[in-house]
2 protein chains.
Amino acid sequence: MTELNKDTEGKILEAAQDVFTEKGMSGTRMQEIADKAGINKSLLHYYYRSKEKLFGAVFKAVLVKFMPKTLKVLSSDLPLFEKIEKFVDGYIDIITKHPSAPLFLIFELHRNPDGIAGILLNAFKEIGFNPVESFAKDVKIAKEMGLVHEGVDSKHLFVNMMSLCIFPVAARPLLQRIGFENDKKAYDKFLEMRKLEVTTFLINSIRKS
Amino acid sequence: MTELNKDTEGKILEAAQDVFTEKGMSGTRMQEIADKAGINKSLLHYYYRSKEKLFGAVFKAVLVKFMPKTLKVLSSDLPLFEKIEKFVDGYIDIITKHPSAPLFLIFELHRNPDGIAGILLNAFKEIGFNPVESFAKDVKIAKEMGLVHEGVDSKHLFVNMMSLCIFPVAARPLLQRIGFENDKKAYDKFLEMRKLEVTTFLINSIRKS
DNA sequence: GTCTATATCGGGATAGAC
DNA sequence: GTCTATCCCGATATAGAC
(Lines give C-alpha, C1' and ligand atoms only; values in the text may rest on other atoms or scores of the structure.)
Protein backbone atom coordinates (compact mmCIF):
# COMPACT_ATOMS: atom_id res chain seq x y z
CA MET A 1 0.00 0.00 0.00
CA THR A 2 1.70 3.17 -1.13
CA GLU A 3 -0.41 6.34 -0.97
CA LEU A 4 -4.14 6.34 -1.09
CA ASN A 5 -4.92 9.76 -2.51
CA LYS A 6 -3.46 10.13 -5.93
CA ASP A 7 -4.69 11.21 -9.29
CA THR A 8 -6.71 8.90 -11.45
CA GLU A 9 -3.80 8.04 -13.68
CA GLY A 10 -1.80 6.92 -10.68
CA LYS A 11 -4.66 4.89 -9.27
CA ILE A 12 -5.06 3.14 -12.59
CA LEU A 13 -1.39 2.32 -12.85
CA GLU A 14 -1.33 0.92 -9.35
CA ALA A 15 -4.42 -1.20 -9.91
CA ALA A 16 -3.04 -2.34 -13.24
CA GLN A 17 0.18 -3.41 -11.57
CA ASP A 18 -1.73 -5.52 -9.11
CA VAL A 19 -3.76 -7.30 -11.72
CA PHE A 20 -1.14 -7.63 -14.44
CA THR A 21 1.58 -8.96 -12.15
CA GLU A 22 -0.88 -11.39 -10.63
CA LYS A 23 -2.47 -12.74 -13.81
CA GLY A 24 -0.16 -11.80 -16.64
CA MET A 25 -0.99 -9.99 -19.83
CA SER A 26 -3.44 -12.47 -21.28
CA GLY A 27 -5.08 -13.33 -17.97
CA THR A 28 -5.89 -9.72 -17.17
CA ARG A 29 -9.31 -8.17 -17.77
CA MET A 30 -9.56 -4.43 -18.18
CA GLN A 31 -12.77 -4.61 -16.17
CA GLU A 32 -10.93 -5.94 -13.15
CA ILE A 33 -8.42 -3.12 -13.28
CA ALA A 34 -11.23 -0.59 -13.52
CA ASP A 35 -13.01 -2.13 -10.55
CA LYS A 36 -9.88 -2.17 -8.45
CA ALA A 37 -9.15 1.46 -9.35
CA GLY A 38 -12.73 2.39 -8.52
CA ILE A 39 -13.38 3.90 -11.91
CA ASN A 40 -14.99 3.13 -15.22
CA LYS A 41 -13.60 0.89 -17.90
CA SER A 42 -13.55 3.58 -20.53
CA LEU A 43 -11.39 5.79 -18.37
CA LEU A 44 -8.64 3.27 -18.80
CA HIS A 45 -8.73 3.93 -22.51
CA TYR A 46 -8.82 7.64 -21.91
CA TYR A 47 -5.52 7.59 -20.03
CA TYR A 48 -3.81 4.68 -21.73
CA ARG A 49 -5.04 4.15 -25.22
CA SER A 50 -5.02 0.36 -25.21
CA LYS A 51 -4.43 -2.66 -23.05
CA GLU A 52 -1.10 -3.10 -24.77
CA LYS A 53 0.00 0.40 -23.82
CA LEU A 54 -1.15 0.01 -20.26
CA PHE A 55 0.74 -3.23 -20.03
CA GLY A 56 3.88 -1.53 -21.27
CA ALA A 57 3.54 1.14 -18.62
CA VAL A 58 3.12 -1.49 -15.93
CA PHE A 59 6.12 -3.45 -17.11
CA LYS A 60 8.31 -0.40 -16.98
CA ALA A 61 6.95 0.59 -13.59
CA VAL A 62 7.77 -2.82 -12.18
CA LEU A 63 11.29 -2.59 -13.55
CA VAL A 64 11.73 0.85 -12.05
CA LYS A 65 10.56 -0.50 -8.72
CA PHE A 66 13.18 -3.22 -8.77
CA MET A 67 16.18 -1.89 -10.59
CA PRO A 68 17.42 1.09 -8.62
CA LYS A 69 17.94 -0.60 -5.26
CA THR A 70 19.51 -3.71 -6.66
CA LEU A 71 21.73 -1.92 -9.15
CA LYS A 72 22.87 0.42 -6.44
CA VAL A 73 24.26 -2.48 -4.47
CA LEU A 74 25.73 -4.24 -7.49
CA SER A 75 27.42 -1.11 -8.76
CA SER A 76 28.80 -0.15 -5.38
CA ASP A 77 32.47 -0.68 -4.62
CA LEU A 78 31.90 -3.00 -1.71
CA PRO A 79 34.17 -6.04 -1.58
CA LEU A 80 32.66 -9.24 -2.97
CA PHE A 81 31.55 -10.92 0.22
CA GLU A 82 29.85 -7.83 1.58
CA LYS A 83 28.28 -7.17 -1.77
CA ILE A 84 26.80 -10.64 -1.88
CA GLU A 85 25.45 -10.19 1.62
CA LYS A 86 23.90 -6.81 0.89
CA PHE A 87 22.43 -7.95 -2.38
CA VAL A 88 20.85 -11.11 -1.04
CA ASP A 89 19.46 -9.26 1.93
CA GLY A 90 17.94 -6.44 -0.06
CA TYR A 91 16.73 -8.59 -2.89
CA ILE A 92 14.90 -11.14 -0.79
CA ASP A 93 13.35 -8.23 1.06
CA ILE A 94 12.01 -6.50 -2.01
CA ILE A 95 10.68 -9.55 -3.79
CA THR A 96 9.03 -10.77 -0.62
CA LYS A 97 7.18 -7.46 -0.61
CA HIS A 98 6.25 -7.86 -4.28
CA PRO A 99 6.09 -11.62 -4.62
CA SER A 100 4.36 -11.84 -7.96
CA ALA A 101 6.63 -9.38 -9.72
CA PRO A 102 9.54 -11.68 -10.56
CA LEU A 103 7.33 -14.42 -11.94
CA PHE A 104 5.48 -11.80 -13.94
CA LEU A 105 8.68 -10.46 -15.47
CA ILE A 106 9.98 -13.91 -16.29
CA PHE A 107 6.71 -15.15 -17.72
CA GLU A 108 6.11 -12.14 -19.93
CA LEU A 109 9.70 -12.15 -21.07
CA HIS A 110 9.22 -15.77 -22.01
CA ARG A 111 6.05 -14.97 -23.90
CA ASN A 112 7.52 -12.18 -25.98
CA PRO A 113 11.28 -12.06 -25.45
CA ASP A 114 12.44 -9.66 -28.10
CA GLY A 115 9.64 -7.20 -27.72
CA ILE A 116 10.12 -6.93 -24.01
CA ALA A 117 13.79 -7.55 -23.47
CA GLY A 118 14.42 -4.39 -25.43
CA ILE A 119 13.03 -2.31 -22.61
CA LEU A 120 15.34 -4.00 -20.19
CA LEU A 121 18.48 -3.89 -22.26
CA ASN A 122 17.85 -0.25 -23.05
CA ALA A 123 17.58 0.46 -19.36
CA PHE A 124 21.02 -1.06 -18.85
CA LYS A 125 22.45 0.73 -21.83
CA GLU A 126 21.12 4.08 -20.68
CA ILE A 127 22.87 3.84 -17.37
CA GLY A 128 25.88 2.19 -18.95
CA PHE A 129 25.95 -0.65 -16.47
CA ASN A 130 25.85 -4.39 -16.99
CA PRO A 131 25.41 -6.28 -13.72
CA VAL A 132 26.94 -9.48 -15.05
CA GLU A 133 30.13 -7.82 -16.29
CA SER A 134 30.43 -5.73 -13.18
CA PHE A 135 30.06 -8.80 -11.03
CA ALA A 136 32.75 -10.55 -13.06
CA LYS A 137 35.18 -7.79 -12.15
CA ASP A 138 34.37 -8.11 -8.48
CA VAL A 139 35.08 -11.83 -8.61
CA LYS A 140 38.33 -11.26 -10.44
CA ILE A 141 39.50 -8.87 -7.76
CA ALA A 142 38.54 -11.27 -5.00
CA LYS A 143 40.55 -13.98 -6.74
CA GLU A 144 43.60 -11.76 -6.97
CA MET A 145 43.30 -11.08 -3.28
CA GLY A 146 43.28 -14.82 -2.67
CA LEU A 147 39.81 -14.78 -1.12
CA VAL A 148 38.04 -17.14 -3.51
CA HIS A 149 39.04 -20.24 -5.44
CA GLU A 150 40.49 -19.77 -8.87
CA GLY A 151 37.95 -22.21 -10.29
CA VAL A 152 34.98 -20.02 -9.45
CA ASP A 153 33.08 -18.85 -12.51
CA SER A 154 31.48 -15.46 -12.04
CA LYS A 155 28.53 -16.13 -14.31
CA HIS A 156 27.60 -19.28 -12.50
CA LEU A 157 27.98 -17.49 -9.23
CA PHE A 158 25.77 -14.64 -10.38
CA VAL A 159 23.10 -16.98 -11.68
CA ASN A 160 23.31 -19.01 -8.50
CA MET A 161 22.76 -15.91 -6.43
CA MET A 162 19.75 -14.83 -8.46
CA SER A 163 18.29 -18.34 -8.49
CA LEU A 164 18.56 -18.75 -4.74
CA CYS A 165 16.81 -15.43 -4.13
CA ILE A 166 14.07 -15.50 -6.70
CA PHE A 167 12.98 -19.11 -7.06
CA PRO A 168 11.84 -19.68 -3.47
CA VAL A 169 9.55 -16.67 -3.76
CA ALA A 170 8.31 -17.38 -7.26
CA ALA A 171 7.61 -21.03 -6.56
CA ARG A 172 6.16 -20.34 -3.14
CA PRO A 173 2.68 -21.69 -3.94
CA LEU A 174 4.31 -25.01 -4.73
CA LEU A 175 7.05 -25.14 -2.11
CA GLN A 176 4.88 -23.95 0.73
CA ARG A 177 2.56 -26.86 0.06
CA ILE A 178 4.98 -29.69 -0.41
CA GLY A 179 7.42 -28.68 2.32
CA PHE A 180 5.52 -26.59 4.85
CA GLU A 181 2.03 -28.05 4.97
CA ASN A 182 0.84 -24.80 3.44
CA ASP A 183 1.67 -22.91 6.62
CA LYS A 184 2.05 -19.29 5.58
CA LYS A 185 3.84 -18.13 8.73
CA ALA A 186 6.29 -20.97 8.60
CA TYR A 187 7.16 -20.10 5.04
CA ASP A 188 7.53 -16.42 5.87
CA LYS A 189 10.00 -17.38 8.54
CA PHE A 190 11.76 -19.69 6.13
CA LEU A 191 12.20 -16.82 3.67
CA GLU A 192 13.47 -14.53 6.39
CA MET A 193 16.04 -17.12 7.42
CA ARG A 194 17.15 -17.51 3.86
CA LYS A 195 18.86 -14.14 3.89
CA LEU A 196 21.54 -15.49 6.16
CA GLU A 197 21.32 -18.99 4.76
CA VAL A 198 21.88 -18.01 1.15
CA THR A 199 24.67 -15.62 1.99
CA THR A 200 26.67 -18.13 3.98
CA PHE A 201 25.84 -20.81 1.47
CA LEU A 202 27.23 -18.76 -1.40
CA ILE A 203 30.30 -17.62 0.44
CA ASN A 204 31.09 -21.06 1.84
CA SER A 205 31.11 -22.47 -1.62
CA ILE A 206 33.62 -20.02 -3.06
CA ARG A 207 35.78 -19.02 -0.11
CA LYS A 208 39.38 -20.12 -0.18
CA SER A 209 40.48 -22.10 2.90
CA MET B 1 9.37 -35.15 -30.98
CA THR B 2 7.94 -38.37 -29.63
CA GLU B 3 6.02 -40.53 -32.12
CA LEU B 4 4.40 -39.16 -35.21
CA ASN B 5 1.66 -41.64 -35.86
CA LYS B 6 -0.72 -41.74 -32.99
CA ASP B 7 -4.44 -41.53 -32.55
CA THR B 8 -6.20 -38.22 -32.68
CA GLU B 9 -6.58 -37.98 -28.94
CA GLY B 10 -2.85 -38.35 -28.52
CA LYS B 11 -2.07 -35.82 -31.20
CA ILE B 12 -4.37 -33.34 -29.53
CA LEU B 13 -2.79 -33.84 -26.14
CA GLU B 14 0.67 -33.39 -27.53
CA ALA B 15 -0.26 -30.24 -29.41
CA ALA B 16 -2.07 -28.94 -26.37
CA GLN B 17 1.01 -29.50 -24.26
CA ASP B 18 3.09 -27.45 -26.64
CA VAL B 19 0.73 -24.52 -26.67
CA PHE B 20 -0.37 -24.54 -23.04
CA THR B 21 3.12 -24.82 -21.62
CA GLU B 22 4.29 -22.08 -23.93
CA LYS B 23 1.49 -19.58 -23.41
CA GLY B 24 -0.30 -20.61 -20.26
CA MET B 25 -3.98 -21.26 -19.75
CA SER B 26 -5.27 -17.81 -20.58
CA GLY B 27 -2.85 -17.17 -23.42
CA THR B 28 -3.82 -20.33 -25.26
CA ARG B 29 -6.28 -20.39 -28.17
CA MET B 30 -8.07 -23.60 -28.98
CA GLN B 31 -7.62 -22.77 -32.64
CA GLU B 32 -3.84 -22.87 -32.30
CA ILE B 33 -3.99 -26.30 -30.72
CA ALA B 34 -6.25 -27.55 -33.49
CA ASP B 35 -3.92 -26.19 -36.15
CA LYS B 36 -0.88 -27.75 -34.55
CA ALA B 37 -2.67 -31.08 -34.23
CA GLY B 38 -3.76 -30.83 -37.85
CA ILE B 39 -7.41 -31.24 -37.03
CA ASN B 40 -10.56 -29.24 -36.63
CA LYS B 41 -11.42 -27.08 -33.66
CA SER B 42 -14.58 -28.91 -32.84
CA LEU B 43 -12.73 -32.18 -32.55
CA LEU B 44 -11.06 -30.78 -29.48
CA HIS B 45 -14.44 -30.54 -27.87
CA TYR B 46 -15.33 -33.97 -29.03
CA TYR B 47 -12.42 -35.55 -27.15
CA TYR B 48 -12.10 -33.14 -24.26
CA ARG B 49 -15.33 -31.42 -23.42
CA SER B 50 -13.89 -27.98 -22.66
CA LYS B 51 -10.74 -25.94 -22.60
CA GLU B 52 -10.67 -26.32 -18.84
CA LYS B 53 -10.75 -30.10 -19.12
CA LEU B 54 -8.07 -30.14 -21.78
CA PHE B 55 -5.92 -27.94 -19.62
CA GLY B 56 -6.34 -30.33 -16.72
CA ALA B 57 -5.24 -33.22 -18.87
CA VAL B 58 -2.19 -31.29 -20.02
CA PHE B 59 -1.25 -30.33 -16.50
CA LYS B 60 -1.36 -33.93 -15.38
CA ALA B 61 0.56 -35.07 -18.42
CA VAL B 62 3.32 -32.60 -17.71
CA LEU B 63 3.51 -33.77 -14.12
CA VAL B 64 3.70 -37.38 -15.24
CA LYS B 65 6.49 -36.48 -17.61
CA PHE B 66 8.53 -34.95 -14.81
CA MET B 67 7.73 -36.85 -11.69
CA PRO B 68 8.79 -40.44 -12.30
CA LYS B 69 12.42 -39.85 -13.18
CA THR B 70 13.04 -37.30 -10.49
CA LEU B 71 11.19 -39.18 -7.79
CA LYS B 72 13.04 -42.32 -8.70
CA VAL B 73 16.32 -40.64 -7.87
CA LEU B 74 15.03 -38.94 -4.76
CA SER B 75 13.50 -42.10 -3.39
CA SER B 76 16.54 -44.23 -4.13
CA ASP B 77 18.85 -45.26 -1.32
CA LEU B 78 21.92 -43.59 -2.74
CA PRO B 79 24.05 -41.71 -0.23
CA LEU B 80 23.45 -37.97 -0.09
CA PHE B 81 26.30 -36.72 -2.25
CA GLU B 82 25.62 -39.18 -5.05
CA LYS B 83 21.93 -38.48 -4.81
CA ILE B 84 22.52 -34.77 -5.24
CA GLU B 85 24.74 -35.43 -8.21
CA LYS B 86 22.27 -37.77 -9.88
CA PHE B 87 19.34 -35.50 -9.23
CA VAL B 88 20.99 -32.37 -10.54
CA ASP B 89 22.24 -34.16 -13.59
CA GLY B 90 18.93 -35.73 -14.49
CA TYR B 91 16.85 -32.72 -13.62
CA ILE B 92 18.82 -30.21 -15.65
CA ASP B 93 18.66 -32.66 -18.50
CA ILE B 94 14.93 -33.09 -18.47
CA ILE B 95 14.01 -29.43 -18.04
CA THR B 96 16.45 -28.43 -20.74
CA LYS B 97 14.50 -30.75 -23.00
CA HIS B 98 11.20 -29.26 -21.87
CA PRO B 99 12.21 -25.72 -21.00
CA SER B 100 8.80 -24.14 -20.75
CA ALA B 101 7.33 -26.81 -18.50
CA PRO B 102 8.64 -25.62 -15.13
CA LEU B 103 7.59 -22.03 -15.71
CA PHE B 104 4.22 -23.29 -16.83
CA LEU B 105 3.74 -25.33 -13.68
CA ILE B 106 4.83 -22.50 -11.42
CA PHE B 107 2.78 -19.88 -13.18
CA GLU B 108 -0.42 -21.88 -13.25
CA LEU B 109 0.07 -22.93 -9.68
CA HIS B 110 0.42 -19.28 -8.82
CA ARG B 111 -2.73 -18.41 -10.70
CA ASN B 112 -4.91 -21.00 -9.05
CA PRO B 113 -3.02 -22.61 -6.19
CA ASP B 114 -5.69 -24.60 -4.42
CA GLY B 115 -7.39 -25.84 -7.52
CA ILE B 116 -4.20 -27.15 -9.00
CA ALA B 117 -2.03 -28.05 -6.07
CA GLY B 118 -4.56 -30.71 -5.25
CA ILE B 119 -3.52 -32.70 -8.29
CA LEU B 120 0.07 -32.54 -7.19
CA LEU B 121 -0.44 -33.34 -3.55
CA ASN B 122 -2.66 -36.23 -4.48
CA ALA B 123 0.07 -37.57 -6.72
CA PHE B 124 2.42 -37.57 -3.76
CA LYS B 125 -0.15 -39.08 -1.47
CA GLU B 126 -0.94 -41.86 -3.91
CA ILE B 127 2.63 -43.00 -4.03
CA GLY B 128 3.11 -42.29 -0.35
CA PHE B 129 6.26 -40.31 -0.88
CA ASN B 130 7.14 -36.75 0.10
CA PRO B 131 10.41 -35.61 -1.46
CA VAL B 132 11.07 -33.00 1.18
CA GLU B 133 10.70 -35.39 4.10
CA SER B 134 12.67 -38.07 2.36
CA PHE B 135 15.47 -35.62 1.65
CA ALA B 136 15.47 -34.59 5.30
CA LYS B 137 16.21 -38.18 6.26
CA ASP B 138 19.09 -38.39 3.83
CA VAL B 139 20.62 -35.27 5.29
CA LYS B 140 20.19 -36.58 8.81
CA ILE B 141 22.03 -39.75 7.95
CA ALA B 142 24.84 -37.85 6.29
CA LYS B 143 25.18 -35.76 9.41
CA GLU B 144 25.41 -38.82 11.61
CA MET B 145 28.15 -40.12 9.38
CA GLY B 146 30.00 -36.86 9.87
CA LEU B 147 29.88 -35.98 6.19
CA VAL B 148 28.04 -32.68 6.41
CA HIS B 149 27.97 -29.81 8.89
CA GLU B 150 25.51 -30.02 11.73
CA GLY B 151 24.20 -26.58 10.84
CA VAL B 152 22.90 -27.66 7.44
CA ASP B 153 19.12 -27.34 7.12
CA SER B 154 17.64 -29.93 4.81
CA LYS B 155 14.79 -27.74 3.62
CA HIS B 156 17.09 -24.93 2.62
CA LEU B 157 19.33 -27.41 0.91
CA PHE B 158 16.43 -28.92 -0.98
CA VAL B 159 15.11 -25.55 -2.06
CA ASN B 160 18.62 -24.49 -3.03
CA MET B 161 18.98 -27.54 -5.20
CA MET B 162 15.67 -26.97 -6.95
CA SER B 163 16.35 -23.26 -7.39
CA LEU B 164 19.75 -23.81 -8.94
CA CYS B 165 18.35 -26.30 -11.44
CA ILE B 166 15.11 -24.66 -12.45
CA PHE B 167 15.69 -20.93 -12.39
CA PRO B 168 18.45 -20.78 -15.01
CA VAL B 169 16.20 -22.59 -17.44
CA ALA B 170 13.01 -20.73 -16.58
CA ALA B 171 14.66 -17.32 -16.72
CA ARG B 172 16.68 -18.16 -19.79
CA PRO B 173 15.12 -15.49 -22.03
CA LEU B 174 16.32 -12.92 -19.54
CA LEU B 175 19.66 -14.37 -18.51
CA GLN B 176 20.74 -15.28 -22.02
CA ARG B 177 20.31 -11.66 -22.99
CA ILE B 178 21.94 -9.87 -20.11
CA GLY B 179 24.83 -12.28 -19.64
CA PHE B 180 25.42 -14.03 -22.94
CA GLU B 181 24.66 -11.46 -25.62
CA ASN B 182 21.71 -13.63 -26.57
CA ASP B 183 24.02 -16.34 -27.86
CA LYS B 184 21.97 -19.54 -27.83
CA LYS B 185 24.88 -21.92 -28.15
CA ALA B 186 26.81 -20.22 -25.40
CA TYR B 187 23.86 -20.55 -23.09
CA ASP B 188 23.35 -24.19 -24.00
CA LYS B 189 26.93 -24.81 -23.05
CA PHE B 190 26.46 -22.84 -19.87
CA LEU B 191 23.55 -25.07 -18.90
CA GLU B 192 25.51 -28.19 -19.70
CA MET B 193 28.37 -27.03 -17.49
CA ARG B 194 25.95 -26.29 -14.70
CA LYS B 195 25.43 -29.97 -14.02
CA LEU B 196 28.91 -30.23 -12.58
CA GLU B 197 28.92 -26.67 -11.32
CA VAL B 198 25.75 -26.97 -9.27
CA THR B 199 26.72 -30.34 -7.86
CA THR B 200 30.12 -29.24 -6.63
CA PHE B 201 28.65 -25.95 -5.50
CA LEU B 202 26.05 -27.70 -3.35
CA ILE B 203 28.42 -30.26 -1.95
CA ASN B 204 31.17 -27.74 -1.23
CA SER B 205 28.79 -25.71 0.82
CA ILE B 206 27.71 -28.54 3.11
CA ARG B 207 30.70 -30.88 3.25
CA LYS B 208 32.49 -31.19 6.56
CA SER B 209 36.24 -30.57 6.42
C1' DG C 1 -14.92 -39.65 -35.96
C1' DT C 2 -14.47 -35.67 -38.61
C1' DC C 3 -16.13 -31.82 -40.87
C1' DT C 4 -18.93 -26.96 -41.71
C1' DA C 5 -21.84 -23.74 -39.95
C1' DT C 6 -23.52 -21.23 -36.32
C1' DA C 7 -24.83 -19.83 -31.65
C1' DT C 8 -23.35 -17.32 -27.71
C1' DC C 9 -20.73 -14.63 -24.89
C1' DG C 10 -17.02 -11.90 -23.09
C1' DG C 11 -13.89 -8.34 -23.50
C1' DG C 12 -11.39 -4.47 -25.80
C1' DA C 13 -12.42 -0.33 -27.80
C1' DT C 14 -15.23 3.83 -29.28
C1' DA C 15 -19.09 7.44 -29.41
C1' DG C 16 -21.16 10.81 -27.28
C1' DA C 17 -23.66 13.04 -23.35
C1' DC C 18 -22.65 15.58 -19.27
C1' DG D 1 -12.40 14.06 -16.88
C1' DT D 2 -15.92 10.88 -16.08
C1' DC D 3 -19.88 8.42 -17.15
C1' DT D 4 -23.44 5.18 -20.08
C1' DA D 5 -24.38 2.86 -24.04
C1' DT D 6 -22.85 0.41 -27.77
C1' DC D 7 -20.00 -1.57 -31.32
C1' DC D 8 -17.37 -5.38 -32.92
C1' DC D 9 -14.36 -8.98 -32.99
C1' DG D 10 -12.50 -13.15 -31.34
C1' DA D 11 -12.91 -17.29 -28.84
C1' DT D 12 -15.44 -21.16 -26.67
C1' DA D 13 -18.81 -24.12 -27.47
C1' DT D 14 -22.68 -26.62 -29.87
C1' DA D 15 -25.68 -28.48 -33.78
C1' DG D 16 -25.98 -31.26 -37.29
C1' DA D 17 -24.54 -33.21 -41.89
C1' DC D 18 -21.61 -36.78 -43.75
Side-chain angles (χ1 to χ4, degrees), chain A residues 2-62 100 104 107-108 110-112 115-116, chain B residues 2-62 100 104 107-108 110-112 115-116:
Chain A
T2 45
E3 302 127 65
L4 231 141
N5 279 359
K6 27 173 80 179
D7 57 344
T8 307
E9 193 170 348
K11 277 197 299 190
I12 291 177
L13 192 62
E14 197 174 330
Q17 269 182 53
D18 286 355
V19 183
F20 270 121
T21 55
E22 191 63 30
K23 318 211 164 168
M25 168 67 177
S26 59
T28 291
R29 302 293 96 122
M30 296 293 266
Q31 185 64 57
E32 190 177 351
I33 296 174
D35 291 347
K36 191 162 277 193
I39 49 114
N40 192 279
K41 217 178 26 157
S42 43
L43 261 193
L44 298 181
H45 289 89
Y46 176 77
Y47 282 99
Y48 305 83
R49 281 188 51 76
S50 69
K51 186 183 182 184
E52 197 73 36
K53 292 253 173 55
L54 180 52
F55 173 82
V58 166
F59 195 87
K60 265 189 211 165
V62 172
S100 46
F104 165 72
F107 186 79
E108 295 303 331
H110 174 84
R111 191 178 58 82
N112 176 17
I116 293 184
Chain B
T2 46
E3 302 127 65
L4 232 142
N5 277 1
K6 28 172 77 178
D7 57 343
T8 308
E9 192 169 348
K11 278 196 299 188
I12 291 177
L13 192 62
E14 198 174 329
Q17 269 181 54
D18 285 355
V19 183
F20 271 121
T21 55
E22 191 63 30
K23 318 210 164 168
M25 168 67 176
S26 58
T28 291
R29 302 293 98 121
M30 296 292 265
Q31 184 64 58
E32 192 177 350
I33 296 174
D35 291 346
K36 190 162 278 193
I39 50 115
N40 191 279
K41 225 181 14 164
S42 43
L43 261 193
L44 299 180
H45 289 89
Y46 176 78
Y47 283 98
Y48 305 83
R49 283 188 48 75
S50 69
K51 184 182 181 183
E52 197 73 37
K53 291 251 172 57
L54 180 52
F55 173 81
V58 165
F59 196 87
K60 263 189 211 164
V62 172
S100 45
F104 166 72
F107 186 80
E108 295 303 331
H110 173 85
R111 191 178 59 81
N112 177 15
I116 293 183

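Fair warning: this is a prediction, and the values are worked out from it, not measured in the lab. Chain A is the first sequence line, chain B the second, and so forth, proteins listed ahead of strands; every chain is numbered from 1.
- The nearest whole Å value for the distance from the CZ atom in B:Arg29 to the P atom in D:dC9 is 17 Å.
- A:His45 and A:Arg49 make their closest contact through CD2-O, 3.3 Å (heavy atoms, listed as atom of the first residue, atom of the second, distance).
- Every side chain to side chain donor-acceptor pair (under 3.5 Å) that A:Ser42 has, sequence neighbours left out, goes to A:Asn40.
- Checking the phosphate oxygens (OP1, OP2) of D:dA13, a side-chain nitrogen or oxygen of B:His45 falls inside 4.0 Å.
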Report, one pair per line, the protein and nucleotides 1-3 of chain D atoms (nitrogen or oxygen only) whose separation is under 3.5 Å.
unit_1	atom_1	unit_2	atom_2	d
D:dT2	OP1	A:Thr8	OG1	3.0
D:dT2	OP2	A:Thr8	OG1	3.2
D:dT2	OP2	A:Tyr47	OH	2.6
D:dC3	OP2	A:Asn40	N	3.3

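- Residues meeting the side chain to side chain donor-acceptor pair (under 3.5 Å) test with A:His110, sequence neighbours left out: B:Glu22.
- Put simply, CE on A:Met30 is 10 Å from P on C:dT14, counting in whole angstrom units.
- Minimum interatomic distance between A:Ala37 and A:Ile12 (heavy atoms only, all atoms of both residues): CB-CA, 4.2 Å.
- Residue A:Thr28 comes nearest to A:Ile33 through the heavy atom pair CG2-CD1, 3.7 Å, listed as atom of the first residue, atom of the second, then distance.
- Rounded to whole Å, the distance from CD on B:Gln31 to P on D:dC9 is 18 Å.
- In this pair, B:Phe104 and B:Phe59 present their aromatic rings tilted. The plane angle is within the 30 to 60° band.
- In this entry the distance linking CE of A:Met25 with P of C:dG11 reads 14 Å, nearest Å.
- Residues that satisfy the side chain to side chain donor-acceptor pair (under 3.5 Å) test with B:Glu9, not counting sequence neighbours, are absent from this structure.
- Closest of all the heavy-atom pairs between A:Ser50 and A:Met30 is C-CE, 4.4 Å.
- Remark: P of C:dG11 and CD of A:Glu32 are 10 Å apart, rounded to the nearest angstrom.
- Of the residues in residues 48-60 of chain A, none lies under 4.0 Å from DNA chain D by heavy-atom distance.
- For a distance-only test at 3.5 Å, the side chain of A:Lys41 qualifies as a donor-acceptor partner of the base of C:dG12.
- As judged by a 4.0 angstrom heavy-atom cut-off over every strand, B:Thr28 is placed among residues touching the sugar-phosphate backbone only.
- Not a single side chain to side chain donor-acceptor pair (under 3.5 Å) links B:Lys41 to another residue, sequence neighbours left out.
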